[in-house]
Amino acid sequence: MISLRLMEDTLEDYTAMRNWFLEPELQEWVWCDEKGEPPVSLERIIEKYGARVKHPTDVFPYFILKDGGPIGFIQYYIQSETTVGIDMWIGCPKERNNGYGADALRQMVRLIQERHPEIKELFIDPEVENKRAVRCYQNAGFESQGTFIDEEGSACVLLTICL
């Protein structure tokens, strides 16, 4: 069974994050420090996510749990008064392609609706070539609004869901 829990300010959570970032497929699609640099350090993980965990104000990080153990990450961030962005991944390779990402995303949509009733639209923007992610987000009910080039020059798909 899939569930979500807030990321905690623990060495275990930061280490799980670091271990996921060492996974080659994840490095291709998800922030792992700067491209071409060595894998992100535990200290950099704590630096980037620590403030979000300790003082969530506009970014809210969660772990995706399967049977109580962490298998992935999902966070939402307030983009505007009515719009929220989402980032997510399944960190454990053996847990991919099982529908867990779509399930976690549907749970996150409900959570956002409950905690932020003023939010009217959610978006997620994977790279066009990340076909597994695009399929997952569509399976969770997000609809493609077309493609765009992000600030790093990557072609991305904008997928949205209206609440």
Side-chain angles (χ1 to χ4, degrees), residues 1-23 26-27 29-35 37 39-92 95-96 99-127 130 133 136-137 139-142 145 148 150-152 154 156-163:
M1 167 168 250
I2 297 300
S3 61
L4 305 178
R5 77 155 165 81
L6 278 167
M7 186 175 172
E8 298 172 351
D9 183 35
T10 64
L11 187 57
E12 291 80 19
D13 276 10
Y14 296 124
T15 301
M17 227 17 178
R18 168 95 179 14
N19 290 342
W20 292 332
F21 282 135
L22 294 176
E23 201 280 308
L26 204 64
Q27 288 180 0
W29 304 116
V30 179
W31 172 87
C32 294
D33 230 352
E34 299 303 320
K35 290 187 180 192
E37 290 187 9
V40 65
S41 68
L42 183 60
E43 293 76 21
R44 182 73 173 105
I45 296 287
I46 294 169
E47 175 188 328
K48 179 166 182 159
Y49 291 93
R52 296 175 187 181
V53 170
K54 295 176 200 170
H55 310 287
T57 56
D58 59 352
V59 180
F60 303 87
Y62 285 78
F63 271 18
I64 300 168
L65 308 177
K66 177 185 168 206
D67 300 325
I71 64 163
F73 178 81
I74 188 167
Q75 71 180 7
Y76 71 93
Y77 54 95
I78 307 297
Q79 182 73 24
S80 74
E81 292 178 8
T82 60
T83 307
V84 161
I86 298 176
D87 300 311
M88 71 167 290
W89 63 81
I90 300 298
C92 301
E95 304 298 354
R96 296 183 188 137
Y100 301 144
D103 187 15
L105 196 48
R106 285 188 289 271
Q107 288 183 42
M108 181 56 72
V109 168
R110 286 191 299 274
L111 185 146
I112 293 167
Q113 285 178 303
E114 291 169 8
R115 296 197 175 156
H116 304 278
E118 72 281 7
I119 298 299
K120 303 299 179 212
E121 183 178 59
L122 308 178
F123 73 90
I124 195 162
D125 54 359
E127 291 184 29
N130 191 348
C136 169
Y137 306 150
N139 287 342
F142 283 68
Q145 304 303 316
F148 69 98
D150 70 8
E151 61 272 357
E152 287 135 17
S154 298
C156 296
V157 179
L158 177 63
L159 297 124
T160 63
I161 193 167
C162 293
L163 306 179

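Remember, predicted model here, so these are calculated numbers, not experimental data.
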Close side-chain approach of V109 and F142, heavy atoms under 4.5 Å
yes
*Determine yes or no for a side-chain-to-main-chain donor-acceptor pair under 3.5 angstrom, with T15 supplying the side chain and L11 the backbone.*
yes
(Q) Walk me through whether M88 and M108 qualify under side-chain contact (heavy atoms from CB on, under 4.5 Å). (A) CA-CA 10 Å; M88 71 167 290; M108 181 56 72; over 6 Å; no
Q) If we only count heavy atoms from C-beta on, is the I78 to F60 side-chain gap below 4.5 Å? A) yes
NE2 (H116) and CG (L111) are apart, to the nearest 0.5 Å, by 7.5 Å
Heavy atoms of C92 and P70 approach each other most closely as SG-O, 4.1 Å
All heavy atoms of A140 vs all of A102, minimum pair found to be CB-O, 3.8 Å
Here the gap from K54 atom NZ to R52 atom CZ, rounded to the nearest 0.5 Å, amounts to 13.5 Å
inquiry  = A cation-pi test, strictly: NZ or CZ of R18 under 6.0 Å from the centre of the six-membered ring of F21 and no more than 45 degrees from its axis. Yes or no?
reply    = no
Exercise. Do side-chain atoms of D67 reach the backbone of M1 as a donor and acceptor pair under 3.5 angstrom?
Worked result: yes
Rounded to the nearest 0.5 angstrom, the CD1-CG distance for I124 and D87 is 6.5 Å
On a heavy-atom basis, the closest approach of I86 and Y77 is N-CE2, 3.8 Å
Q) Take atom CD in E81; do more than 12 heavy atoms of anything else shown fall under 6.0 Å from it? A) no
request  = Decide side-chain contact (heavy atoms from CB on, under 4.5 Å) for Y49 and Q75; before the verdict, give the C-alpha distance in whole Å, the side-chain angles of both, and the deciding distance to 0.1 Å.
outcome  = CA-CA 11 Å; Y49 291 93; Q75 71 180 7; 4.0 Å; yes
Correct closest heavy-atom pair for Y14 and G50 would be OH-CA, 3.3 Å
- Using the side-chain contact (heavy atoms from CB on, under 4.5 Å) rule, take Y76 and L122 through it: C-alpha gap first, then chi angles, then the decisive distance, then the call. CA-CA 9 Å; Y76 71 93; L122 308 178; over 6 Å; no
On a heavy-atom basis, the closest approach of L159 and P126 is CD1-CD, 3.6 Å
For C136 and G101, the nearest pair of non-hydrogen atoms, with its separation, is SG-C, 3.5 Å
Separation between SG (C162) and CD (E121), nearest 0.5 Å, reads 5.0 Å
Hey, is the main chain of I2 close enough, under 3.5 Å, to the side chain of Q107 for a donor-acceptor pair? yes
In this structure, CG of L65 is separated from CD1 of I71 (nearest 0.5 Å) by 8.0 Å
* So D150 and D125, side-chain contact (heavy atoms from CB on, under 4.5 Å) or not? Walk me through it. -> CA-CA 9 Å; D150 70 8; D125 54 359; over 6 Å; no
Is it the case that the side chain of R106 and the backbone of N139 share a donor-acceptor pair, with hydrogens and angles ignored and the cut-off at 3.5 Å? yes
With under 30° as parallel and over 60° as perpendicular, where do the rings of F63 and W20 fit, or are they tilted in between?
tilted
Rounded to the nearest 0.5 Å, the CZ atom of R96 sits from the CD1 atom of I90 at a distance of 8.0 Å
Hey, is D13 close enough to R5 for a salt bridge, meaning N to O under 4.0 Å? yes
